[in-house]
Amino acid sequence: MVNNKVLRRKKLLNNIWPIFIIISIIYAIIAGNLENLNLAITSSSESAVSLTLTLIGTTCLWSGLIEIASNTNIIKYLKKFLRPVITRLFPNLNSLVYDKVTMNIISNILGLGNAATPLGLQAMEEMQKENLNKEYLSDNMMILIVLNTSSLQIIPTTIIAIRTSLGSNNPTRIIFPVWFSTICAGIVGIIVTKLIIFLTKKGCE
């Protein structure tokens, strides 16, 4: 059921984007802006390549630092520090899933969304193995998705990299708003998810 829904959504997106592109080209021809459209396509391609290189460099830097930190006591201290929170948010995790969830959260906190994704996927796969109803997400899987979506970030490296590539005079100025927004999003997301889980269990009793 889950796979069928994902395939339907992919098919829908595959149909939507070509329609948008065709409408844009037709509108440019009618409005006489075909030359501007060609210039926009060229400049956008250049910007995309420049942004990609910037993001790759930033991601490689922080991924390397995470790899180095994983071989030191820093990660052990962070895991110990986060244990009370994680065990409360994710009850009944085995040690393998706990390590991957913890590393996923730490990577997100450091703003390493791309580095956190493989760890999150691995954690979801392990959780799915223990999930009694394979067609629906377990409670822990829902919480992990919410945390990855809200993604509390102490160092928003991706946003800083984007602002740098676009020529911002102060790319790190976004840090405090990011802290505030991600903390609020995380708190609200966890509360709402836990409330939904509680009400669902109550309804099933």
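For clarity, every value in this text was computed on a predicted model and none was experimentally measured.
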About how many Å separate CD1 of Ile190 and CG of Leu195, when rounded to the nearest 0.5 Å? 13.5 Å

Asn170 and Thr172: side-chain donor and acceptor closer than 3.5 Å? yes

Under a single-linkage definition using a 4.5 Å side-chain heavy-atom cutoff for Ile, Leu, Val, Met, Phe, Trp and Tyr, are Met103 and Ile145 assigned to the same hydrophobic cluster? yes

With sequence neighbours excluded, what pairs up with Phe176 under the ring pair (Phe, Tyr, Trp, His ring centres under 6.0 Å) test? Trp179

Are the side chains of Ile196 and Met142 in contact, using a 4.5 Å heavy-atom criterion? no

Can you find a heavy atom in the side chain of Ile174 that is under 4.5 Å from one in the side chain of Ser168? no

When rounded to the nearest 0.5 Å, the distance separating CD1 of Ile143 from CD1 of Ile197 is 4.5 Å

Do Val101 and Met127 have side-chain heavy atoms sitting under 4.5 Å apart? yes

Residue pairs meeting salt bridge (Lys or Arg N to Asp or Glu O under 4.0 Å), one or both in residues 121-131, sequence neighbours left out, come to Glu126-Lys129

Interatomic spacing from CG in Leu147 to OG1 in Thr193 - rounded to 0.5 Å: 8.5 Å

Check the hydrophobic clustering (I, L, V, M, F, W, Y; side-chain heavy atoms under 4.5 Å; chains of links allowed) and say if Phe81 and Ile86 are grouped together. yes

side-chain hydrogen bond (donor to acceptor under 3.5 Å, both in side chains) partners of Thr87, counting only residues at least two apart: none

Inter-residue atom distance Gln122.CD - Asp99.CG, 0.5 Å rounding: 11.5 Å

If only atom types and distance count, is the side chain of Lys194 paired as donor or acceptor with the main-chain N or O of Leu89 below 3.5 Å? yes

Under 4.5 Å between side-chain heavy atoms, chaining through other members, with only Ile, Leu, Val, Met, Phe, Trp and Tyr counted: pull out the rest of the cluster around Ile26, sorted by chain and number. Ile22, Ile30

Determine which pairs satisfy salt bridge (Lys or Arg N to Asp or Glu O under 4.0 Å) with at least one residue from residues 156-179, sequence neighbours left out, and list them in order. none

Would you confirm whether Asn148, through its side chain, and Leu144, through its main-chain N or O, come within 3.5 Å as a donor-acceptor pair? yes

Quick one: ring pair (Phe, Tyr, Trp, His ring centres under 6.0 Å) partners of Phe20, sequence neighbours excluded? Trp17

Check Ile105 against Phe90 and note the closest heavy-atom contact, atom names and distance. CD1-CE1, 4.3 Å

Of all heavy-atom pairs linking Ala185 and Ser150, the shortest is C-CB, 3.7 Å

I'd like to know if Tyr98 and Val85 are part of one continuous hydrophobic network [Ile/Leu/Val/Met/Phe/Trp/Tyr, side-chain heavy atoms within less than 4.5 Å]. yes

